[in-house]
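To start, the structure under review is shown below, and the notes come after it.
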Amino acid sequence: MRVRFAPSPTGQLHVGNARTALFNWLLARGSEGGFILRIEDTDVERSTRESESAILRDLRWLGLDWDEGPDIGGPRGPYRQSERLHLYESYAKELLAAGDAYHCFCSIAQLDADRQAALAEGRPARYAGTCRRLSVEQAHARIEAGDRPAIRFRVPEGRDVVFEDVVRGEVRFHTDVIGDPVIVRADGSPAYNFAVVVDDALMEVTHVVRGEDHISNTPRQILLSEALGFTPPIFAHLALVMGPDHAPLSKRHGATSVAEFRSKGYLPEALVNYLALIGWSPGGGVELLPVDELARRFSLDAVGLSAGVFDEEKLAWVNRHYLKMADPLRIAELSVPYFIQAGVKMSPDHRGLEFLASAMVMATSSVDRLDQVPARLSVLFDYAAERALADASVREEMQAPRARAVVVALAGALAQAPRLDRERFRAMAAQVKTETGEKGRTLFHPIRVALTGRAEGPELDLAIPAVDRGADLPRSAGVPAILGCRERAAAFLRVLV
RNA sequence: GUCCCCAUCGUCCAGAGGCCUAGGACGUGGCCCUUUCAAGGCCAAAACCCGGGUUCGAAUCCCGGUGGGGACGCCA
């Protein structure tokens, strides 16, 4: 089995296309198959190298590696259509010579007018066939006179094109509703329907798995394939991915590109796992599976037929799962840009990263995305006694005698104390408890506000030791200075009185 | 307009004629856990688009309608 993903480099990799790429990849990896990446850059106007490298980058980020492609080459290359022009040219000549293609001199304006007229009369809006009956001699005469024709494929009349779609079953089109497609433009560049057929055949692609938007191109491609003497590949058309309003996923629904989801702080394994769940089910009542397991279970005939709505809430749930599973050191590294973005300047070395990693469970146990990590860990870098009391109701609460007594006892207990680890923190809390007679919320809430600077946040058992571990970090670790609990308690008490 | 595809909880899936009193997951609501916010656990509400057939029996098969989507480019 040889499958391919064939994006045109005209913009960002969209999640819908990423899912198509994923399904192809799962198919290849689940069997002994090959996964080919081909760049369809025949539209010179819109294709850019920037888009191409962005798409490659996003696919790599997702972990969808390819066996043959523009960057690594392969036995059936080149893998950029712009580098295969000579091939298309020679096949076009073949078609012309056999009478399966003809020159078309119709102007764009003429074509538009024909289309409008057809629509107005309720006829299928297909090519009127104006140049179909031009003789070869007439055509040559016009070319010699300086006309620059396109080349069209001559679609056979009066027959059905039937193919067995792996996901949809038998699909049938009558050739009378198919207009003769342009296969080579007037400027000599190949058109999509032609280039794919040539490339899929030459690259020995066995299964074409692509979006449903290509289903009506399929009969043209089969016909072209037959005329060229190729055996058409097996086709599988995937239902499209929609936005919440059941309209095609677009900008107004928020993030749509893989790059946007990455920068919002979704993990690649989460996006991959979630994408696999749109239009397919791994079975067995489980949804959260590592990618190799997805590949092992994936099968085209288990793929659903109806369009799926992209649900970011569910993606977030999947992401939470992978955040919890992930190596904290990796999450620490990935979080650095988000800290910087949140205004926490840092360039941690290994000690800095290990410190962040040691605190990371506070964030990963409760957050949806990486971009929420800095806020959850703000207890570390963002302490200011004044600001802790800036909120009127918090201030009032802390100034109440019993809360104040807790703060006083806390500052006292900490004054001589060494840095707190979990056990020392518990012992210290117990000491404050016996000194003040407070317990539960009335004990811990003042401690929380005094030591973390806020009324809510991670468990103190986790946060307090993390703060004091951070307080001893040398500045060379590349992480902003962290005020220790002892200093925090003292500062807080000063501000409170 | 013409052609093609699709149709189970709000959403994603399971269901391939009796196992369906339609199952799971996300989300939602409630409860629990808890020193806070989250997270987590438990429970609950929530669907076979409509109408005709076929059949002893239909979410499952057929036809029609309706609704949604796609295509009809010298874009891919």
Side-chain angles (χ1 to χ4, degrees), chain A residues 6-10 40-43 45-47 81 104 106-108 111-112 115 118-127 148-152 165 167-168 171-174 176-179 181-187 189-193 195-196 210-219 237 239-240 242 244 246-248 274 277-288 302 304-318 320 324 362-368 372 376 429 438-449 452 454-461:
Chain A
S8 61
T10 53
E40 310 222 316
D41 57 350
T42 56
D43 185 349
E45 295 287 294
R46 297 197 294 166
S47 297
Q81 290 187 328
C104 173
C106 295
S107 67
I108 304 290
L111 259 16
D112 276 348
R115 196 166 16 248
L119 241 29
E121 290 169 38
R123 286 181 289 118
R126 49 164 216 159
Y127 174 57
R148 305 264 61 189
I151 301 173
R152 282 185 193 270
D165 189 294
V167 344
R168 258 150 244 284
V171 180
R172 177 183 302 265
F173 284 88
H174 195 85
D176 289 358
V177 299
I178 305 173
V182 167
I183 58 172
V184 178
R185 302 186 189 101
D187 68 3
S189 63
Y192 165 75
N193 278 117
V196 220
R210 66 214 327 186
E212 199 187 9
D213 49 340
H214 286 295
I215 202 162
S216 55
N217 284 321
T218 308
H237 290 95
L240 270 19
M242 310 296 235
H246 220 81
Y274 173 66
L277 263 21
I278 306 178
W280 178 67
S281 163
V286 281
E287 299 187 302
L288 300 172
L305 314 187
S306 51
V309 171
F310 190 93
D311 181 8
E312 193 168 346
E313 299 266 23
K314 184 143 184 179
L315 204 212
W317 171 73
V318 176
R320 267 197 314 265
K324 289 184 174 104
M362 285 194 280
T364 52
S365 64
S366 66
V367 124
D368 283 352
Q372 297 162 339
R376 193 69 183 167
E438 301 294 347
K439 61 177 171 29
R441 187 191 154 87
T442 56
L443 170 66
F444 284 100
H445 199 64
I447 296 180
R448 167 178 297 284
V449 175
T452 71
R454 34 219 97 222
E456 60 188 49
E459 289 173 49
L460 292 177
D461 265 1

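So you know, we letter chains A, B, ... as the sequences are listed, proteins then strands, and number each from 1. Everything numeric here is computed off the predicted structure, so don't read it as measured data. Computed over heavy atoms, backbone and side chain alike; hydrogens, waters and symmetry mates excluded.
- Asp311(A) pairs by the salt bridge (charged side-chain N to carboxylate O under 4.0 Å, His left out) definition with nothing, not counting sequence neighbours.
- Across all strands shown, Gly457(A) has heavy atoms under 4.0 Å from base atoms, whether or not it also approaches the sugar-phosphate.
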Quiz item: side chain to side chain contact (heavy atoms under 4.5 Å, CB included) between Cys104(A) and Tyr127(A): does it pass, once the steps are laid out?
Solution: CA-CA 11 Å; Cys104(A) 173; Tyr127(A) 174 57; 3.4 Å; yes
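- The partner of C9(B) is absent, by the rule that a Watson-Crick or G-U pair needs both atom distances under 3.5 Å.
- Atom-to-atom distance recorded for Arg123(A):CZ and Arg115(A):CZ is 12.5 Å, nearest 0.5 angstrom.
- For the 3.5 Å distance criterion, the side chains of Arg210(A) and Thr218(A) qualify, holding a donor opposite an acceptor.
- Heavy atoms of Arg172(A) sit under 4.0 angstrom from primed sugar atoms or phosphate atoms, though from no base atom.
- Taking the C1' atoms as reference points, G30(B) lies 15 Å from A46(B), given to the whole Å.
- Across the protein-nucleic acid pair, Leu305(A) atom CG and G15(B) atom P stand 12 Å apart, rounded to whole Å.
- Each of Ser366(A) and Pro124(A) has a nearest nucleotide on RNA chain B; the 5'-most of these lies closest to Pro124(A).
- To the nearest whole angstrom, the two P atoms, one in C13(B) and one in U8(B), are 9 Å apart.
- Taking NE2 from His237(A) and CD1 from Ile215(A), the interatomic distance works out to 5.5 Å, rounded to the nearest 0.5 Å.
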Exercise. May I have the step-by-step check of side chain to side chain contact (heavy atoms under 4.5 Å, CB included) for Val309(A) and His246(A), ending in yes or no?
Key: CA-CA 7 Å; Val309(A) 171; His246(A) 220 81; 3.8 Å; yes
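- Nucleotides C4(B) and G64(B), compared at atom P, are 12 Å apart to the nearest Å.
- In this structure, NE2 on His445(A) lies 11.5 Å from CD1 on Ile447(A), to the nearest 0.5 angstrom.
- Remark: P of U36(B) and CZ of Arg441(A) are 7 Å apart, rounded to the nearest angstrom.
- Nucleotide A38(B) holds its C1' atom 11 Å from the CZ atom of Arg448(A), rounded to whole Å.
- At the heavy-atom level, Glu287(A) lies under 4.0 Å from base atoms of the strands shown.
- Within 4.0 Å (heavy atoms only), Gly279(A) reaches sugar-phosphate atoms of the nucleic acid but no base atom.
- Comparing U55(B) with C9(B), their P atoms are spaced 30 Å from each other, to the whole Å.
- The CZ-P distance, from Arg126(A) to C4(B), rounds to 14 Å in whole Å.
- Under 4.0 angstrom from either OP1 or OP2 of G40(B) there lies at least one side-chain N or O belonging to Arg320(A).
- Nucleotide U21(B) forms a pair with no other nucleotide shown, judged by Watson-Crick or G-U wobble geometry with both contacts under 3.5 Å.
- Using a 4.0 Å heavy-atom cutoff across all strands shown, Lys439(A) reaches no nucleic acid atom at all.
- Distance noted for atom C1' between G17(B) and U54(B): 11 Å (whole Å).
- If you check every strand for non-hydrogen atoms under 4.0 Å, Leu443(A) touches nothing.
- Straight-line distance from the CG atom of Leu288(A) to the C1' atom of C12(B): 13 Å, rounded to whole Å.
- Leu305(A) has its side chain within reach of Val167(A): a pair of non-hydrogen atoms, C-beta onward, lies under 4.5 Å apart.
- Comparing the same atom, P, in C49(B) and in A14(B) gives a spacing of 15 Å after rounding to whole Å.
- Searching all strands for a Watson-Crick or G-U wobble partner of G40(B) with both distances below 3.5 Å returns C32(B).
- Closest approach to the Ser306(A) side chain among C72(B), C6(B), A76(B) is made by C6(B) (side chain taken as heavy atoms from C-beta onward).
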N/O to N/O distances under 3.5 Å, protein versus nucleotides 66-70 of chain B:
{"residue": "G68(B)", "atom": "O2'", "partner": "His246(A)", "partner atom": "NE2", "Å": "3.4"}

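- To the nearest angstrom, C1' of G10(B) lies 10 Å from CG of Asp311(A).
- To the nearest 0.5 Å, the span separating OH on Tyr274(A) from CZ on Phe310(A) amounts to 5.5 Å.
- The residue Glu45(A) sits apart from the nucleic acid: no heavy atom pair falls under 4.0 Å.
- A sub-4.0 Å separation between OP1 or OP2 of A76(B) and a side-chain N or O of Thr10(A) is absent.
- Between the CZ atom of Phe310(A) and the P atom of U11(B) there is a distance of 16 Å, rounded to whole Å.
- The CZ atom of Arg320(A) sits 5.0 Å away from atom CG of Asp368(A), with the distance rounded to the nearest 0.5 Å.
- Using the Watson-Crick or G-U wobble rule with both distances under 3.5 Å, C3(B) pairs with G70(B).
- OP1 or OP2 of C74(B) sits under 4.0 Å from a side-chain N or O of Arg152(A).
- Set against A76(B), U36(B), C4(B), the side chain of Glu456(A) has U36(B) as its closest nucleotide.
- In terms of polar N and O atoms assigned as donor or acceptor, the side chain of Lys314(A) comes within less than 3.5 Å of the base of A25(B) in a complementary pairing.
- The separation of A59(B) from G41(B), taken at their P atoms, amounts to 34 Å, rounded to a whole angstrom.
- Below the 3.5 angstrom threshold, one finds no donor paired with an acceptor across the side chain of Arg115(A) and the base of C72(B).
- Contact annotation for Asp187(A): no contact, since no heavy-atom pair falls under 4.0 Å across all strands.
- The same atom, P, is picked in G24(B) and in A45(B); the two are 11 Å apart, to the nearest Å.
- Pairing of G64(B), defined by two Watson-Crick or G-U wobble distances under 3.5 Å, is identified with C50(B).
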Under 3.5 Å, which N/O atoms of the protein pair with N/O atoms of nucleotides 43-48 of chain B?
none

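- Heavy atoms from other residues, nucleotides or ligands lying under 6.0 Å from CD of Glu121(A) number more than 12.
- In this structure, the CD atom of Glu313(A) is 17 Å from the P atom of A25(B), given to the nearest Å.
- Residue Lys439(A) qualifies as open at atom NZ: its count of foreign heavy atoms under 6.0 Å is 12 or below.
- Checking Arg46(A) against Trp317(A), the closest nucleotide of RNA chain B that is more toward the 5' end is the one next to Trp317(A).
- Contact annotation for Leu460(A): base contact, defined as any heavy-atom pair under 4.0 Å involving a base atom.
- Taking the side chain as every heavy atom from C-beta outward, Gln81(A) and Pro190(A) never approach each other to under 4.5 Å.
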